[in-house]
> 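I'd like to ask you about the structure that follows.
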Amino acid sequence: MSEKIVYSHCHYCVSLCGTKITVENNRVKNIEPDRENPMTWKDFCRKGKTAAEVVEHPQRIRTPMKRVGDRYVEASYEEAISDIASRLTAIIEQHGNDAVGTYHGNPLGFDFGGSLFFNGLLDALGTGNRFWVGSVDQNNTHIVQHAMYGSELISLPADIDECQFFLLLGMDPVQSKFGWLEVNPDGWNRVLAQQAKGAKIVVVDPRYSETAKSADDYIAIQPGQDWALVLGLLHVIFSENLQRESQTPLSGIEPIRDAALAANLGELADRCGVGAETIRKLARAFAQADTAMAIAHTGVGHNPNGTIGEWLVTVLNAVTNRLDTPGGRRLERSYLDLVKIFSSFAPPSSHRTRLKNLPAIAGFHALAELSDEILTPGQGQIRAMIIANGNPVISGPDSATLDKALGSLDLLVAVDLVQRDSHRHADWLIPGTHFLEREGLHCLFAGLMDKPFAQYANKAVDAPAGIMPEWQFYMELALAMGRPMFGKKGANSIIKASKFLAKITAKPNLQLNPQWLERILVASGKRIKYKDIRKHPHGWIFAEKSYGDLAKTLRTPDKTVHCSPPSFMAALQDALIDSRPVTSPDFPLIMVNKRQRESMNSWLNETQGMHSLNRGNTVDIHPDDAEALGLIDGQQVRISSPQGSISLPVLITAGGMPGVIAVGHGWGSTVYEPNSGKIAQRYGSNRNALVDRHAIDRFSQVPHFNSTAVRVEPIAAETEQASLIAAAQA
Amino acid sequence: MTYVIVGHCINDTACVDVCPVDCIHPSPSEPGFKTADMLYIDPDVCVDCNACAEACPIDAIMPARKLPDNLRHYQAINAELAQGRSHRLKESAA
């Protein structure tokens with residue numbers, strides 16, 4: 001019996017909790033938070049605790065599986081790589097590079113080596129038809145960062161411990177733990193600690209969330225109208241001269257100042273459903289607080305004007321000196337200059353989509369467009385897809401249409417731990433590795449930390465025999481196709497030489513692998529040494545946090561923060577005159593999202609340990625609406641939109657906006673048993689099936705997950721009526 | 001900070017099942033479960049994740065900071081029970 005303790009960190013969400021893992025005979029016996037981790041462990045949750053259940057998942061794909069009829073049979077990697085390579089090559093030769101599409105989900109983002117080599121394969125394929133999960137998540141922040149800071153990768157984590165005034169819009173940190181494009185371990189408890197010392201918390205949300213219950217002020221707002229509230233705040237700040245001189249250089253304040261002053265506060269108040277006097281008071285309190293931050297998450301982003309909302313929130317921070325100042329939104333320069341590296345080596349994609357001519361964001365297109373790009377015939381139509389660690393049918397809008405599209409492909413390759421909804425039509429299922437089976441330094445997270453921190457994730461267990469790491473599969477596929485990995489001529493020769501060297505010296509690490517790149521990236525930062533990171537198994541806070549690096553990091557030509565990007569200004573004018581309601585007589589309610597901790601990143605939401613008790617998928621309804629519809633708690637209802645219907649039990653929830661229902665995402669996904677084709681697991685209903693794929697934010701291309709017009713009807717009553725009719729007819 | 005179990009606890013084990021750090025005692029597998037008046041949370045181990053409060057069918061768990069005055073003494077009761085357990089564990093290990 002060999003028992004060992006491994007120190008690592010969790011890879012489910014950006015809390016990245018330090019973990020202490022007890023392993024016996026290559027099996028995980030226990031996972032607990034690593035209390036010696038100096039940065040992060042206090043957000044440790046049930047999902048991290050039960051992570052090993054997925055390693056031993058009964059439906060886990062343990063070998064490449066080839067589709068034969070409607071079943072799958074085991075195959076070797078040689079056969080898989082050879083068959084996929086020849087079919088991709090034939091498709092590309094006949095229809096061009098863009099005929100191969102790709103999608104990747106969140107788990108790939110948590111696998112640094114896998115991400116690097118997947119992108120290397122995409123460059124080898126030369127396709128521009130790359131789609132990703134960011135387009136149903138955080139794309140609006142990338143757009144705003146690019147327009148205002150000059151780079152899609154400049155993210156400013158919240159400086160919680162110095163903040164005296166938290167303006168939280170469309171976020172529920174009790175559930176999310178404050179993480180999104182920032183790593184703020186124990187973030188919510190730190191906000192509460194600040195509150196205990198006198199800081200104010202204002203929560204803006206259509207839903208009376210757990211977070212709202214702890215706020216000093218809760219402001220119920222109409223879904224999707226956050227931008228109008230924030231414009232109102234700017235109106236008051238500029239009218240009453242409440243701006244503060246910014247320590248980060250700003251430019252172009254005049255146009256947004258003029259627009260804010262020209263806007264009518266009463267009209268903005270009507271639009272967002274928040275009283276003008278409340279807006280005035282909030283603007284004064286925010287601007288006059290010694291330190292403050294405004295921060296918007298998906299509740300703001302997943303709406304028709306989600307990018308405008310994020311932009312105006314950033315302007316609010318900018319004109320009140322909350323950018324890169326204590327208690328505001330701080331830039332962490334960390335141990336490597338990611339912005340510079342990516343600006344030099346990976347220039348933004350110039351590819352545009354065939355049908356809507358839309359640009360890529362942070363290198364990738366929007367999931368909302370994928371179905372049409374597959375289903376619409378013509379030059380450049382997608383005929384093959386590689387899906388890496390993703391389940392876009394569930395994560396994206398209009399699930400039924402995407403399922404149909406994926407079923408129409410000539411070739412579908414899915415890489416994952418289990419077979420999910422989006423892999424139902426796959427020709428090949430390729431095994432994935434679990435994060436407990438991998439090791440590495442995730443360099444992309446470096447700049448998202450709220451302190452200068454680095455941790456190398458150690459491997460807890462070996463993957464089942466015969467499973468090839470994903471990065472290696474992508475590399476072997478490029479080699480088999482004879483296409484240059486990373487799109488660089490000569491790369492394949494280097495890879496082959498390194499493989500040869502590794503073989504003759506019997507040192508596998510001499511073969512090109514992700515660790516080579518991690519080492520190069522850390523060395524390029526000239527701040528800390530890779531080997532010193534490895535000497536800190538619990539993680540390493542390697543410096544004190546500092547302020548003022550944003551000014552040096554800006555990639556705008558004039559090195560200022562651009563406050564009035566022309567495209568945003570034009571969109572704002574459109575938004576101000578657009579008064580079309582989202583709802584209609586047929587679909588009179590607005591459905592918003594609801595964060596639930598374990599389904600925040602919805603992958604691997606379906607392990608048994610997650611369903612022990614008390615995790616439910618409900619529709620939260622305001623008491624007024626429930627009364628009007630004659631609904632009671634627990635009653636099953638049908639929720640319909642023009643895209644389809646789902647059914648869920650009612651949970652009557654007081655305190656928020658009437659006319660708004662909330663349904664959490666990450667439910668209704670399926671795990672299949674590949675040998676039999678049977679459904680092994682499914683919990684709850686997928687609310688994204690109701691979302692229109694054609695209605696998107698014009699900048700971020702994110703669908704309106706938080707402004708979906710729906711109708712709610714009791715199912716029982718209808719069934720009763722049907723049986724009465726049947727009885728009358730009999 | 002910690003979460004605290006208060007007196008109307010009915011020894012339902014929903015909280016024990018969902019706790020990610022196993023800080024709620026006694027669990028059904030531990031001695032004393034059948035005779036315990038109430039369960040308690042070890043404040044040194046609790047990570048404030050709120051899972052137990054969500055799971056509790058009768059709202060008998062709350063964060064220490066939200067304890068009303070008439071229930072405030074339960075914070076000390078939970079801590080003392082947890083200390084007693086640690087003490088017993090140390091003694092039996094010695």
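The analysis underlying the following values was restricted to heavy atoms, covering all of them including side chains, and did not include hydrogens, waters or symmetry mates. The structure presented is a predicted model; accordingly, all values stated were derived computationally and were not measured. Lettering of chains follows the sequences in order, A, B, ..., and the numbering in each one begins at 1.
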> So, does A:Arg46 use its side chain to make a donor-acceptor pair with the main chain of B:Ala51 at under 3.5 Å?
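Checking the backbone N and O of B:Ala51 against the side chain of A:Arg46, no donor-acceptor pair under 3.5 Å is found.
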> Between A:Arg35 and B:Val45 (side chain of the first, backbone of the second, donor and acceptor by atom type, cut-off under 3.5 Å), is there such a pair?
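Present.
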> Of the non-hydrogen atoms in B:Val47 and A:Phe44, which two are nearest, and what is the gap between them?
CG2-O, 3.9 Å
> Distance from B:Glu54 atom CD to A:Gln596 atom CD, nearest 0.5 Å?
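Reported to 0.5 Å precision, the distance equals 9.0 Å.
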> Side chains of A:Ser214 and B:Arg65, heavy atoms from C-beta outward: is any pair under 4.5 Å?
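A side-chain contact exists here, since the closest heavy-atom pair is under 4.5 Å.
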> Any chance you could measure A:Asp43, atom CG, to B:Asp48, atom CG, to the nearest 0.5 Å?
10.0 Å
> Got B:Asn50 and A:Val174 here, is their nearest side-chain heavy-atom distance under 4.5 Å?
yes
> Tell me whether B:Asp37 at atom CG has more than 12 heavy atoms from other residues, nucleotides or ligands lying less than 6.0 Å away.
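Check fails, neighbour count at 12 or below.
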> Check whether any side-chain heavy atom of B:Val21 lies under 4.5 Å from a side-chain heavy atom of A:Pro33, and answer yes or no.
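Heavy-atom side-chain distance check passes, below 4.5 Å.
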> Decide if atom NE2 of B:His87 counts as having more than 12 heavy atoms of other residues, nucleotides or ligands within a radius under 6.0 Å.
no
> Just wondering, do A:Glu32 and B:Asp22 contact through their side chains at under 4.5 Å, heavy atoms?
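No, side chains not in contact.
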> Count the heavy atoms of every other residue, nucleotide or ligand shown that sit under 6.0 Å from CZ of B:Arg72, and state whether that count exceeds 12.
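Enclosed: over 12 neighbouring heavy atoms sit under 6.0 Å from CZ of B:Arg72.
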> Where is the tightest heavy-atom contact between A:Cys45 and B:Pro20, given as atom of each residue plus distance?
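So the minimum-distance heavy-atom pair works out to C-CB, 3.5 Å.
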> Against chain B, label A:Lys177 side chain, backbone, both or neither, depending on which of its atoms sit under 4.5 Å from a heavy atom there.
side chain
> What part of A:Asn189 gets within 4.5 angstrom of chain B, counting heavy atoms only: side chain, backbone, both, or neither?
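Contact with chain B involves the side chain of A:Asn189 alone.
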> Could you measure the distance from the SG atom of B:Cys49 to the NZ atom of A:Lys49? Nearest 0.5 Å is fine.
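Answer rounded to 0.5 Å: 11.5 Å.
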